[in-house]
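Encoded as structure tokens, the structure appears first; notes follow it.
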Amino acid sequence: MSAEHTGTGHASTEDTSVEHEQRGDGAVVSTPKAESDAGSANGTTIPELVIISGMSGAGRSTAAKCLEDLGWFVVDNLPPELIPTMVELGARSQGNVARIAVVVDVRGRNFFDNLKGSLADLASFNVARRIVYLEASDEALVRRFESVRRPHPLQGDGRIVDGIAEERDLLRELRGDADLVIDTSSLNVHELRAKLDAQFAGDEEPELRATVMSFGYKYGLPVDADLVVDCRFLPNPHWVPELRPYTGTSEEVSNYVFNQPGAKEFLDRYTELLQLIAAGYRREGKRYVTVAVGCTGGKHRSVAMSEKLARRLSDEGVETVVVHRDMGRE
């Protein structure tokens, strides 16, 4: 599968479905073209709204990142009085902002007092809203603040426990109004994400997004790679004069690479391994993975293998983008 065909698992195999982009660093990125606006929701679609709040140190940031990965538009520390404005803007977005999550906490200080009034104002929008409240025991919160060596936002000149007590008092009424209360005292990050996935992912399994990146070892390993694949065990098309000018995106080079002993078997078995890894990543709440595929110069073997591997992932329903980091550097 050539770079211009790689996007999501549902991408068309026609050349018109994708676009090439060359970044400033020279890497070539393949992404789908924007779809037609014909299926867009009309301008009066009211977005869903989730308010994320609770105790400092209880996991609000993790909750926000989880919803963002699930496709929600997330705004951190938005003044409560601006929530109706945000909902109104979402309603005008023609369905582009269908789900909004707002993190509200004591960092807002005076703004926080306006939350109840802002939520009452939303009644005129007929908004489907939920409040998620995260809490934890005093012991767990103290341990977390001490581990990162940061003060509680309300402790002032006092102790961490003084700030925690004041925050609990400020949030007492909001906790009573919450639709979902999660005690994170004994939860790790992955367990918290799993709980939120169960509440907000619906019947669909949370998406895993993959970047398959070809690279040349002589230019160094990609620093953001989660997994690295070495294709240097295959004969190098560079030493075939008629193939040297081409890249791994060409049919000639691709056919040469995959006609070599072990190439197809390697692709089949590594795809099976990635399926196993992807299932584990989903269970652990990991939403993004970068697979780096390397050869000597990043022009022939790694490019051809990246294209085929991306096609396999796409066929498995993994949203996939191909990046050829070093193609064209020679």
Tell me if a side-chain donor or acceptor on [X] pairs with a main-chain N or O of [Y] at a distance below 3.5 Å.
X	Y	result
Arg325	Phe215	no
Glu191	Asn188	yes
Ser185	Ala140	no
Lys218	Gly298	no
Ser314	Thr320	no
Arg232	Gly294	no
Asp169	Glu166	no
Gln260	Val257	no
Thr271	Leu267	yes
Arg99	Leu70	yes

Closest approach of [X] and [Y], non-hydrogen atoms and distance?
X	Y	answer
Arg301	Pro237	CG-CD, 3.6 Å
Thr62	Arg193	CG2-CG, 4.0 Å
Ile100	Gly90	CD1-CA, 4.4 Å
Thr184	Leu134	CG2-CD2, 4.4 Å
Leu192	Gly59	CD2-O, 3.8 Å
Val103	Ala64	CG2-CB, 3.8 Å

Taking NZ, NE, NH1 and NH2 as the nitrogens, is one of them in [X] or [Y] under 4.0 Å from a carboxylate oxygen of the other?
X	Y	result
Arg269	Glu265	no
Arg209	Asp69	no
Arg311	Asp315	yes
Glu135	Arg175	yes
Arg168	Asp138	yes
Arg329	Asp326	yes
Arg60	Asp76	no

Between CD1 on residue Ile164 and OG on residue Ser56, distance to nearest 0.5 Å: 9.0 Å
Hydrophobic cluster membership, [X] vs [Y], 4.5 Å side-chain cutoff:
X	Y	answer
Leu187	Val189	no
Val229	Tyr219	no
Leu78	Leu89	no

Whether Trp72 and Phe200 hold their rings parallel, tilted or perpendicular, with breakpoints at 30° and 60°: perpendicular
Between Glu307 and His324, a side-chain donor and acceptor under 3.5 Å: yes
